[in-house]
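I have placed the structure first, in the form of structure tokens, so that the comments after it can refer back to it.
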Amino acid sequence: LLLRRLRRRPTITTIHGVLPLEAWSDALVQAYAGRAPKSIIRWIYGRLIEKMASLSADVIMHGASLERSLRQYGVRGRVSVIPQGIEGQLAPLSRSEARRILGFDDRPRVLFFGYLLPYKGLDTLRAAAPALTQAGVEVVVAGSDTGDDRPTHRVLAQDWGPIRRMGYVAEELIPALLSAADVMVLPHRIGLSTSGPFSLAVAYGLPVVVSDVPTLADDLSFPDATFVAGSHESLTTTILRVLNNASVRARLEDRLAEIRAARGWSSVAAATMSRYRDVISSEEVRLR
């Protein structure tokens, strides 16, 4: 209804995330919509997505995989893919200083950072933690619950085993957290949107290991640091490869530098402004 009221002037809509068709499951629908039939909920969702896009002169999305998900719902209009911006390289603290600040020892360290949400695959990381610990690697989960008690927003209390839980991390400690880690892991089960922690890791040059959901795997485009979503064995193997293989790690760091150079905020802002100017110009021609 809001978009209809705005139809008198050109509208650009940025959509940060779209649920891909392959992610729909009975468990997902039950969590979000109770006992409503999956077919009905999926149809309503698709109609909302399609209508939002059809009433917009342009839709901006942050990745090609997200555009593919959008097209699955019958969207035929203009879609512009403009990536999420990344800060220029941020200078990490020295490893020894970062670990002193956080009280960490000198073991290799794998970091999950962000809100604890069910779709992010924390169950896979928990299952991998014993083998990683046995290999001398500490697993750290830093981030808080959302405060929302709905099952869609809450990771149920479980035995976290050898994982170090940090909870909420104050912003001033984030540089130390990323400087003290050796790998950031993003074990998502669903590719719902692009990842803010991924962008932060790229800015710091911190190697990342991602599941093979398209929103992560396509962004990274580095098979040696990509594992099969939901497989703790694949996750363990991939983390140890990145930690222990100097060649893989060096090539991964080069790949992060490429992403950082291609997705600076100045180029992202210029691309966004260009789309707005194009839409305004084409609308002015139409109104004449």
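Taking the side chain as every heavy atom from C-beta outward, Val242 and Phe222 never approach each other to under 4.5 Å.
Under the 30°/60° scheme for interplanar angles, the aromatic rings of Tyr45 and Tyr73 are found to stand perpendicular.
The cationic group of Arg109 lies under 6.0 Å from the six-membered ring centre of Phe104 and within 45° of the ring axis, placing it in a cation-pi geometry.
Of the possible donor and acceptor atoms, none in the side chain of Arg263 sits under 3.5 Å from a partner among the backbone N and O of Pro83. Of the possible polar contacts, none joining the Arg126 side chain to the Ile163 backbone as a donor-acceptor pair under 3.5 Å is found. Of the possible polar contacts, none joining the Ser231 side chain to the Val228 backbone as a donor-acceptor pair under 3.5 Å is found. Distance alone, capped at 3.5 Å, is enough to place a donor-acceptor pair between the Ser69 side chain and the Ser65 backbone. Between the side chain of Arg255 and the backbone N or O of Leu220 there is at least one donor-acceptor pair closer than 3.5 Å. When atom types are taken as modelled, the side chain of Ser179 and the backbone of Leu93 share a donor-acceptor pair closer than 3.5 angstrom.
For the pair Arg68 and Asp218, the salt-bridge criterion is met [side-chain N within less than 4.0 Å of a carboxylate O].
There is a path of hydrophobic side-chain contacts, each under 4.5 Å, that joins Trp160 to Phe112. Under the 4.5 Å side-chain heavy-atom criterion for grouping Ile, Leu, Val, Met, Phe, Trp and Tyr, Leu48 is not connected to Leu70 through any hydrophobic cluster.
Each side chain to side chain donor-acceptor pair (under 3.5 Å) pair with one or both residues in residues 266-276, not counting sequence neighbours, appears once here: Asp58-Arg275, Ser80-Arg275, Arg275-Asp278.
Across Leu252, Leu240, Leu243, a single residue satisfies side chain to side chain contact (heavy atoms under 4.5 Å, CB included) together with Val183, and that is Leu243.
To the nearest 0.5 Å, the span separating CD on Glu172 from CG on Leu177 amounts to 12.0 Å.
Closest non-hydrogen pair, Ser282 versus Val279, comes out as OG-O, 2.9 Å.
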